[in-house]
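What follows is a short report on a single structure.
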Amino acid sequence: MTEKTILRALRGEVLPTPPIWMMRQAGRYLPEYRATRAHAGDFLSLCYNSELAAEVTLQPIRRYGFDAAILFADILLLPQALGAKLWFENGEGPRLSTLTTPAELAALRGRDDIHDTLAPIYETVKILARELPRETTLIGFAGAPWTVASYMIAGRGTPDQAPAHALKAADRATFSGLIDVIADATVEYLSCQVQAGAEVVKLFDSWAGSLKGQDFTDFAVKPAAKIIAALKARHPSLPIIAFPREAGDGYIGFAQATGADCVAIDNSVSPEWAAEKVQLTGCVQGNLSPEHMVTGGEALMRETRRVVDAFAKGPHIFNLGHGITPDANPDNVTRMIEAVRGA
Ligand code: CP3
């Protein structure tokens, strides 16, 4: 069997048609997802129910035939495994116990004590490794330390990550200590996903854009480089995708600085810019705006072709620039895939 298309792109091959998957492809825009989630009870129960989590991971593969499946879980399960309290307020998003003091940092569990909580996630990966079509790549993931820390410090999502920036300014030791604890635990978590059958892993740094100057180097680049080096030492052929969302110029050289095999690009930069500045040095993933999955029409077809054409000269994995939203029309996903594959 020839190697899976996503793995070929991640090794730098330029394919006539880019492989495709979609951030949040298992999600509320799909009626079958909403039904399984209702059956599970709530979002966290779904994450920790290996059979049902595998089922929702498979739903978009059956419906659309994407080239990759991403493990169904959440970046906030790791803080929970470290000892943070985690719950989801309906319609509002995640809530966690806050962490702002040295004592609260010291009370977290160590990196070797996370696996009791996370065992069901590894089981989901094992089921998927067995059940996915042979041509589909299985992607595992975790949040990057800065993004995860921003939720742990504030106890919720924040538009500007102000509480995390404030702790960084007021108590650098506690802040850096938290980044290190998350980075070390992330290596163990992702390594277990790989042992269970994940073929690629992706690091989501959704809030990297609010780190400026030296902070971007210290808290987006360096932790990613450390995690990637540790993972590659254990799993030398493991391809890794990094997503420093809204990094802007920070995308340039990010793959070299961190050792990532691919940089995922959000839709705040143009595909032409990213092709010229970022793809020159390796595989990129992205970057159609998710709003086209809501609005559809001519613009969807035109912008999809634009992304494909802009990245056609180098290794490329087609994706959205961020997750598909709950108000998206599932038929627009079909049209996007047809436009990418030239059907
Ligand atoms: O992409 C996928 O399909 C894989 C599963 C996945 C989820 N979350 C499922 C999810 C992945 C990779 C994530 C990553 C994640 N989670 C990120 C980084 C990527 C990004 O979107 O920037 C972040 C910041 C989180 C934290 C999180 N989880 C938030 C802020 C929210 C609430 C916002 C929302 O969309 O409701 C979640 C909930 C969540 N995670 C849902 C899903 C499918 C929706 C939950 C539901 O069914 O109600």
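One is the number of the first residue; the rest follow in order along the sequence. Quick caveat, the model's predicted, so the values are computed rather than measured. Note that these values count all heavy atoms, side chains included, but never hydrogens, waters or copies made by symmetry. Atoms within a ligand are numbered from 1 in the order they appear, just like the ligands themselves.
Neither the backbone nor the side chain of Lys202 comes within 4.0 Å of ligand 1, counting heavy atoms alone. Looking at Leu71 against ligand 1, only its backbone comes within 4.0 Å, counting heavy atoms.
For atom 14 (C) of ligand 1, the closest heavy atom belonging to the protein is Ile75 CG2, 3.7 Å. Ranking protein heavy atoms by distance to atom 1 (O) of ligand 1, first place goes to Arg24 N, 2.7 Å. Looking at atom 26 (C) of ligand 1, its nearest protein heavy atom turns out to be Asp74 OD2, 3.5 Å. At the shortest separation from atom 36 (O) of ligand 1 among protein heavy atoms lies Arg28 NH2, 2.7 Å. Protein heavy atom at the shortest distance from atom 48 (O) of ligand 1 is Arg37 NH2, 2.7 Å.
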Working for side-chain hydrogen bond (donor to acceptor under 3.5 Å, both in side chains), residues His292 and Thr304: CA-CA 9 Å; His292 292 295; Thr304 299; over 6 Å; no
Show, in sequence, the C-alpha distance, side-chain angles and deciding distance for Ile153 and Thr100, and conclude whether the side chain to side chain contact (heavy atoms under 4.5 Å, CB included) test is met. CA-CA 6 Å; Ile153 293 164; Thr100 55; 4.2 Å; yes
Evaluate the side chain to side chain contact (heavy atoms under 4.5 Å, CB included) criterion for residues Asp67 and Glu135: first the C-alpha distance (whole Å), next the side-chain angles of each, then the deciding distance (0.1 Å), finally the verdict. CA-CA 7 Å; Asp67 295 295; Glu135 66 277 11; 5.9 Å; no
Quick one: do Met336 and Met301 satisfy side chain to side chain contact (heavy atoms under 4.5 Å, CB included)? Show the steps, please. CA-CA 7 Å; Met336 171 184 74; Met301 308 308 280; over 6 Å; no
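Relative to atom 11 (C) of ligand 1, the option among Phe43, Phe141, Phe72, Trp21 with the closest non-hydrogen atom is Phe141. Considering each of Leu320, Thr57, Ile70, the one bringing a non-hydrogen atom nearest atom 4 (C) of ligand 1 is Ile70. Among Tyr33, Trp207, Phe243, Phe88, the residue whose heavy atom sits closest to atom 37 (C) of ligand 1 is Phe88.
Residue Thr147 has no N or O atom closer than 3.5 Å to an N or O atom of ligand 1. Polar contact with ligand 1: present for Ser206 (N/O pair, distance under 3.5 Å). Considering backbone and side-chain N/O atoms, Arg245 never comes within less than 3.5 Å of an N/O atom of ligand 1. Ligand 1 has no N or O atom lying under 3.5 Å from any N or O atom of Tyr151, backbone or side chain. Taking any N or O of His322, backbone or side chain, at least one lies under 3.5 Å from an N or O belonging to ligand 1.
Each of Trp146, Phe175, Trp207, Phe219 was checked for a ring-ring contact (aromatic ring centres under 6.0 Å, His included) with His165, and the lone residue meeting it is Trp146.
In this structure, His316 and Phe311 have tilted ring planes: the angle between them lies in the 30° to 60° band.
Between the side chains of Ser45 and Asp42, at least one donor-acceptor pair of N or O atoms lies under 3.5 Å.
Remark: Lys277 fails to qualify as a cation-pi partner of Tyr251 under the 6.0 Å distance and 45° angle criteria applied to the six-membered ring.
Residues forming a side-chain hydrogen bond (donor to acceptor under 3.5 Å, both in side chains) with Tyr48 (at least two apart in sequence, or on another chain): Gln80. Among residues two or more places apart in sequence or in another chain, the side-chain hydrogen bond (donor to acceptor under 3.5 Å, both in side chains) test is passed with His39 by none.
Not a single heavy atom of Gly323 sits less than 4.0 Å from an atom of ligand 1. At least one heavy atom of Pro94 sits under 4.0 Å from some atom of ligand 1. Taking a 4.0 Å cut-off on heavy atoms, Ala73 registers as neighbouring ligand 1.
Shown in contact with Phe204 at under 4.0 Å from a heavy atom are these atoms of ligand 1, numbered in order with element: 12 (C), 18 (C), 19 (C). Close approach of ligand 1 to Ala26 is summarised as follows: ligand atoms under 4.0 Å from at least one heavy atom of the residue are 3 (O), 43 (C). With ligand atoms numbered from 1 in the order given, ligand 1 contributes 3 (O) to contacts under 4.0 Å with heavy atoms of Gln25.
Panel note: side chain Asn319, backbone Gln285; no donor-acceptor pair is recorded below 3.5 Å.
Remark: Leu128 CG to Ser50 OG distance equals 9.5 Å, nearest 0.5 Å.
A salt bridge links Arg111 with Asp184; the closest basic N to acidic carboxylate O contact falls under 4.0 Å.
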